[in-house]
Amino acid sequence: MIVPLVMTLWFSFQRYNLLDPTVSGFVGFDNYNYLINDANFWASIINTLLLIGTVLVITVVGGVLLAVLFDKDFPGRNIARLFAVAPFFVMPTVAALIWKNLILHPIYGVFGSFALALGLEPIDFFGQYPLLSVILIVSWEWTPFAFLILLTAIQSMDREQLEAARMDGAGAIAQFFYIVLPHLSRAISVVVMIETIFLLTIFAEIFVTTAGGPGNATTNLAFLIYARALLEFDVGGASAGGVIAIILANIVAAFLVRSIARRLEV
Amino acid sequence: MQASPARQIGLALLGWGVAFLLFFPILWMFLVSFKAESEAILPGLTFTPTTQSYSQVLARADYITFAINSVVISVGGTALALAFAIPAAYAMSFHPTQRTRGTLLWMLSTKMLPPVGVLVPIYLLFRTTGLLDSRIGMIIIYGLMNLPIIVWMLFTFFKEVPKEILEAGRMDGAGTADEVRHILLPLTLPGIASTGLLSLILCWNEAFWSLNLTTSTAAPLTAFIASFSSPQGLFFAKLSAASTMAVAPILVFGWLSQKQLVQGLTFGAVK
């Protein structure tokens, strides 16, 4: 991966357009300048961070709640669990299309028909709340992942400790916050790390549903660079975006690796 | 501790309710795939099941090509990644140096780089070398894409093998190759299998590279499904049938391998 990385760096200082070979040459930091003064670029950074942050919160909270629920015994628990983890194995393009056309579509979707049946105005999700819709889809895909990992973690918990706490009069909520949650902290940090790795690079869900729009409402950094390079053929500008994406990822990675590395025995 | 019946029923309702909600989009896709196209746009629950969408999707000769591409490049990419990762993980777990830990962390951090960061050079490299839209090209990309995670997983599994066993083998005159083939691989087969499983799932579902580097000849099912998003191609029943066929194998696969996946994905940190 080093070769393409160096090439990206090199291209980012070049004027390079795939359609127009006559335009070329070293331009210094022009590509970066252009990018930094582009409102779309800042919107894409904010969208990227919003997407990652919101999805992390939703999936971790949802995953913990689900894990606690499925830790309890109830009839058919194992089969219900299979259904609950299923979304994780669905390919992103399928997930995006199903949600877009069959669930969220204002006219043909399930939500829309529900609203109509209740006499309400159907919501045009991707038109009115585009980023929220993407977050909804991505959270749907990743909550089962968090759930799966956290359930495994919760099942390894020492039951006698809980029993002892109950004897001492700890209520369910106190037990959760003082015993269950600390026990899960290691698993949660693993979930956060793995999800961040994949969420930084979310692409298919956006490509299929909104193509970054309307306007730049759902353009994340990944999509912005894609659009620059393969829709506008501006290799220089796209490469500059790529370099910035790499820097951003490294900042996130530095934080993550530092906090995770301590928890992993290497 | 035995919960009261009322509590049991409440838990069951809650658990099944949540599971149903999460599964609903998949269930709905499955149901719509058996509707006739004219019924598919209506959200009604009563319909005469028909498999016509399936036969129509299957009748498109290219569906088979996409499916074969998916299988070939997922399996190929996984095999390639394992071929590189096994020696790498072996070296790092049994002959560690001062820098091993740093190398491992560095590898993992490359996985955090957005692939778009290297999209342009890879696109251009592939264009000049003729790898664009070829299965070989996709196998290479898929192999490299998951390599960091695969090395990590294998490293974790290899670490659990007691060093004494390998040393005993060496005493008996086994070279490095024998050591790996006859001692390490059989011992860690479950770990290698779960690593391979995860890689297969990731490759099968991968969309970024397949959408950007393939057009027709090497395009896998992810790209085929994405082609349904074009405005003139919206046939809900056919979309659902194609999606169901694309998702079903890997879903069953995932269900069967949940346990190994958790162990692998968390690098053994979560028991």
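Numbers restart at 1 for each chain; the letters A, B, ... are given by sequence-line order, proteins then strands. Just so you know, these numbers come straight off a predicted model, no measurement behind them.
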Could you report the tightest heavy-atom contact between B:Y142 and B:P220, atom names first, then the distance?
OH-CG, 4.1 Å
Side chain from CB out, backbone as N, CA, C, O: work out which of these in B:L202 comes under 4.5 Å of a heavy atom of chain A, or both, or neither.
side chain
From B:E160 CD over to B:S93 OG, what is the distance, rounded to the nearest 0.5 angstrom?
11.0 Å
From the list B:T222, B:I250, B:V247, the residue making the most non-hydrogen contacts under 4.5 Å with chain A is B:T222
Pick one of side chain, backbone, both or neither for B:F20, based on which atoms fall under 4.5 Å of a heavy atom in chain A.
neither
From CG (B:N205) to CG (B:L251), nearest 0.5 Å:
10.0 Å
Contact class of B:L14 relative to chain A, heavy atoms under 4.5 angstrom
both
For the interface with chain A, which of B:L27, B:I201, B:L22, B:L221 has the highest count of heavy-atom pairs at distances below 4.5 Å?
B:L22
Decide if atom CZ of B:F94 counts as having more than 12 heavy atoms of other residues, nucleotides or ligands within a radius under 6.0 Å.
yes
Can you find a pair of side-chain heavy atoms, one from B:T156 and one from B:K159, that are under 4.5 Å apart?
no
Among B:A248, B:S243, B:A207, B:A246, the residue with the most heavy-atom pairs under 4.5 Å to chain A is B:S243
Does the ring centre of B:Y63 sit less than 6.0 Å away from the ring centre of B:F66?
no
For B:L21, I'd like to know if atom CG has over 12 heavy atoms of other residues, nucleotides or ligands within 6.0 Å.
yes
When heavy-atom pairs shorter than 4.5 Å are enumerated against chain A, which of B:I9, B:N212, B:L147 gives the highest number?
B:N212
For chain B, the option from A:Y226, A:F147, A:W140, A:F145 that forms the most heavy-atom pairs under 4.5 Å
A:W140
Counting heavy-atom pairs under 4.5 Å to chain B, which of A:G76, A:A96, A:A84, A:A80 comes out on top?
A:A80
Could you tell me which non-hydrogen atom of B:Q8 sits nearest to which non-hydrogen atom of A:F74, and how far apart they are?
O-CB, 4.2 Å
Tell me, for A:F203 versus chain B, whether the close heavy atoms (under 4.5 Å) come from the side chain, the backbone, both or neither.
side chain
Pick one of side chain, backbone, both or neither for A:F198, based on which atoms fall under 4.5 Å of a heavy atom in chain B.
side chain
Between A:I247 and chain B, which part of the residue has a heavy atom less than 4.5 Å away: side chain, backbone, both or neither?
neither
Which answer fits A:I98, side chain, backbone, both or neither, if we ask what part of it has an atom under 4.5 Å from a heavy atom of chain B?
side chain
Counting C-beta onward and ignoring hydrogens, is there a side-chain heavy-atom pair between A:F89 and B:F253 closer than 4.5 Å?
no
